[in-house]
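Here the structure is laid out as structure tokens; the discussion comes afterwards.
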Amino acid sequence: MIVQVICTVCFLAVNTFHVRSSFDFLKADDMGEINQTLVSEFLLLGLSGYPKIEIVYFALILVMYLVILIGNGVLIIASIFDSHLHTPMYFFLGNLSFLDICYTSSSVPSTLVSLISKKRNISFSGCAVQMFFGFAMGSTECLLLGMMAFDRYVAVCNPLRYPIILSKVAYVLMASVSWLSGGINSAVQTLLAMRLPFCGNNIINHFACEILAVLKLACADISLNIITMVISNMAFLVLPLMVIFFSYMFILYTILQMNSATGRRKAFSTCSAHLTVVIIFYGTIFFMYAKPESQDLIGEEKLQASDKLISLFYGVVTPMLNPLIYSLRNKDVKAAVKYLLNKKPIH
């Protein structure tokens, strides 16, 4: 994730250089003209140059979105109404499922509308709302994954003290801090981005109001945005990843010290679902942001389309896989889902 931070800083720094350079050549009377051309809405390009692909992706995304709503909805209901799942791990899992529904619902419906109706414009305030929810859900998910790793660490490495360390007050507070911190971080980033003047070009080469794509259009100094983005990446990406890394290092050490093969298998199975989700989540983020940027280069439209499709699938496929991973690899969840579907008591 350090690579992602560096790439983000470099990307924003280049934009800052171009913005400053353009302003150096502006005269006083030109500034007055620019102030009169501030944009009131943005235009989301999406896959505007590929009409046949748009129809196919509309069908795929619609199906995946329905799977997200149903799969995560079932997990939430199961974690609420099944007493066997009233534990810290499933409380965090319920929060993660609710977060995935909120995250996809903040952008997928509007993306579906733009794919089928060709309506690509979004208001300034609508873009700000979309950016806020997308950034808030992403920040919160990073923290929740870190909290879940700590939960697995205590369960495996210190099982006798697990009920004391992860009491109901403790894990509810941990989840609340994750949501609150993610919301505050997103509010700061969104306000700093939307306070910038956007003059002339209002075309966002993306499916949604993604913050990096929006900052490209700013015609002002974005140095403050760079600084806050670096701090945000360190706090919400690198720090939780470090918690996850060290938690699993201690877990692995504890498992290797176990004499019982059955105990080792049980410990591995307890952590495998969460570890799989972490690898998918951080792996796709690393792949998206660590690769070189190809924006604004003539003759590379296909590569730009590929980048946008990867980003779109990251925002849809990952939330769709989460409930499948936890339900397929967890006996308690499968039993709870069967109970909800069949309405038979669990033995």
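Here the structure is a predicted model, which means the values were calculated and not measured.
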Find the distance between [atom1] ([X]) and [atom2] ([Y]) and round it off to the nearest 0.5 Å.
{"X": "N95", "Y": "M148", "atom1": "CG", "atom2": "CE", "result": "9.5 Å"}
{"X": "M147", "Y": "I244", "atom1": "CE", "atom2": "CD1", "result": "11.0 Å"}
{"X": "N259", "Y": "R264", "atom1": "CG", "atom2": "CZ", "result": "7.5 Å"}
{"X": "I227", "Y": "S232", "atom1": "CD1", "atom2": "OG", "result": "13.5 Å"}
{"X": "L96", "Y": "F281", "atom1": "CG", "atom2": "CZ", "result": "9.0 Å"}
{"X": "I211", "Y": "S186", "atom1": "CD1", "atom2": "OG", "result": "7.5 Å"}

| Which residues satisfy the side-chain hydrogen bond (donor to acceptor under 3.5 Å, both in side chains) test with S110, sequence neighbours excluded? |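 In terms of side-chain hydrogen bond (donor to acceptor under 3.5 Å, both in side chains), with neighbours along the sequence ignored, S110 is linked to Q130.
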| Sequence neighbours excluded, which residues qualify as side-chain hydrogen bond (donor to acceptor under 3.5 Å, both in side chains) partners of N121? |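 Partners of N121 under the side-chain hydrogen bond (donor to acceptor under 3.5 Å, both in side chains) test: E41.
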| message | side chain to side chain contact (heavy atoms under 4.5 Å, CB included), that's the test. Do L166 and F150 meet it? Break it down for me. | response | CA-CA 10 Å; L166 270 298; F150 177 75; 3.9 Å; yes
Does any non-hydrogen side-chain atom of [Y] lie less than 4.5 Å from one of [X]?
{"X": "C127", "Y": "I204", "answer": "yes"}
{"X": "L44", "Y": "S114", "answer": "no"}
{"X": "Y282", "Y": "P240", "answer": "yes"}
{"X": "M320", "Y": "D100", "answer": "no"}
{"X": "Q189", "Y": "M229", "answer": "yes"}
{"X": "L143", "Y": "S181", "answer": "yes"}
{"X": "V238", "Y": "N233", "answer": "no"}
{"X": "L93", "Y": "M89", "answer": "no"}

Do the side chains of [X] and [Y] join up, straight or via other hydrophobic residues, at under 4.5 Å, putting them in one cluster?
{"X": "V129", "Y": "L215", "answer": "no"}
{"X": "F133", "Y": "F236", "answer": "no"}
{"X": "V154", "Y": "V177", "answer": "no"}
{"X": "L191", "Y": "M131", "answer": "no"}
{"X": "V113", "Y": "L62", "answer": "no"}

| task | Determine which pairs satisfy ring pair (Phe, Tyr, Trp, His ring centres under 6.0 Å) with at least one residue from residues 91-112, sequence neighbours left out, and list them in order. | result |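 Non-adjacent pairs meeting ring pair (Phe, Tyr, Trp, His ring centres under 6.0 Å): F91-Y171, F98-W179.
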Set of side-chain contact (heavy atoms from CB on, under 4.5 Å) partners for [X], sequence neighbours left out:
{"X": "L239", "answer": "none"}
{"X": "L180", "answer": "I184"}
{"X": "M249", "answer": "F245"}
{"X": "S123", "answer": "S125"}

| request: Would you list the pairs meeting side-chain hydrogen bond (donor to acceptor under 3.5 Å, both in side chains) in which at least one residue belongs to residues 65-80, sequence neighbours left out? | output: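 Sorted result for residues 65-80: Y65-S105, N72-S97.
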| query | Which pairs with one or both residues in residues 137-158 pass side-chain hydrogen bond (donor to acceptor under 3.5 Å, both in side chains), sequence neighbours excluded? | reply |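 Listed by first then second residue: S139-N185, D151-Y162.
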| query | Do the side chain of S167 and the main chain of P163 share a donor and acceptor less than 3.5 angstrom apart? | reply |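 Not confirmed, S167 side chain does not pair with P163 backbone.
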| said: Before you tell me yes or no, could you show the steps for R195 and L224 under side chain to side chain contact (heavy atoms under 4.5 Å, CB included), namely the whole-Å CA-CA distance, both residues' side-chain angles and the distance that decides it to 0.1 Å? | reply: CA-CA 11 Å; R195 72 176 178 83; L224 183 59; 3.7 Å; yes
| task | Go through I280 and I325 one step at a time and tell me if the side chain to side chain contact (heavy atoms under 4.5 Å, CB included) criterion holds. | result | CA-CA 11 Å; I280 293 174; I325 292 171; 3.6 Å; yes
| Counterpart residues, ring-ring contact (aromatic ring centres under 6.0 Å, His included), relative to Y248 (two or more places apart) |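 Testing Y248 for ring-ring contact (aromatic ring centres under 6.0 Å, His included), a comparison that skips the adjacent residues, returns H274.
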| Who pairs with F42 by ring-ring contact (aromatic ring centres under 6.0 Å, His included), at least two apart in sequence or on another chain? |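 Scan of F42 (ring-ring contact (aromatic ring centres under 6.0 Å, His included), adjacent residues dropped) gives F124, F198.
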| request: Answer yes or no: are there more than 12 heavy-atom neighbours, outside Y90 itself, under 6.0 Å from its atom OH? | output: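 For Y90, atom OH is crowded (more than 12 foreign heavy atoms under 6.0 Å).
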| query | Of all residues at least two apart in sequence or in a different chain, which pass the disulfide bond (SG atoms under 2.5 Å apart) check with C142? | reply |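 In terms of disulfide bond (SG atoms under 2.5 Å apart), with neighbours along the sequence ignored, C142 is linked to no residue.
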Closest heavy-atom contact between [X] and [Y]?
{"X": "P319", "Y": "T104", "value": "CG-CG2, 3.7 Å"}
{"X": "H86", "Y": "I80", "value": "NE2-O, 2.8 Å"}
{"X": "I203", "Y": "L217", "value": "O-CD2, 3.4 Å"}
{"X": "C157", "Y": "T254", "value": "SG-OG1, 3.1 Å"}
{"X": "I101", "Y": "G73", "value": "CD1-N, 4.0 Å"}
{"X": "L196", "Y": "A218", "value": "CD1-CB, 3.7 Å"}

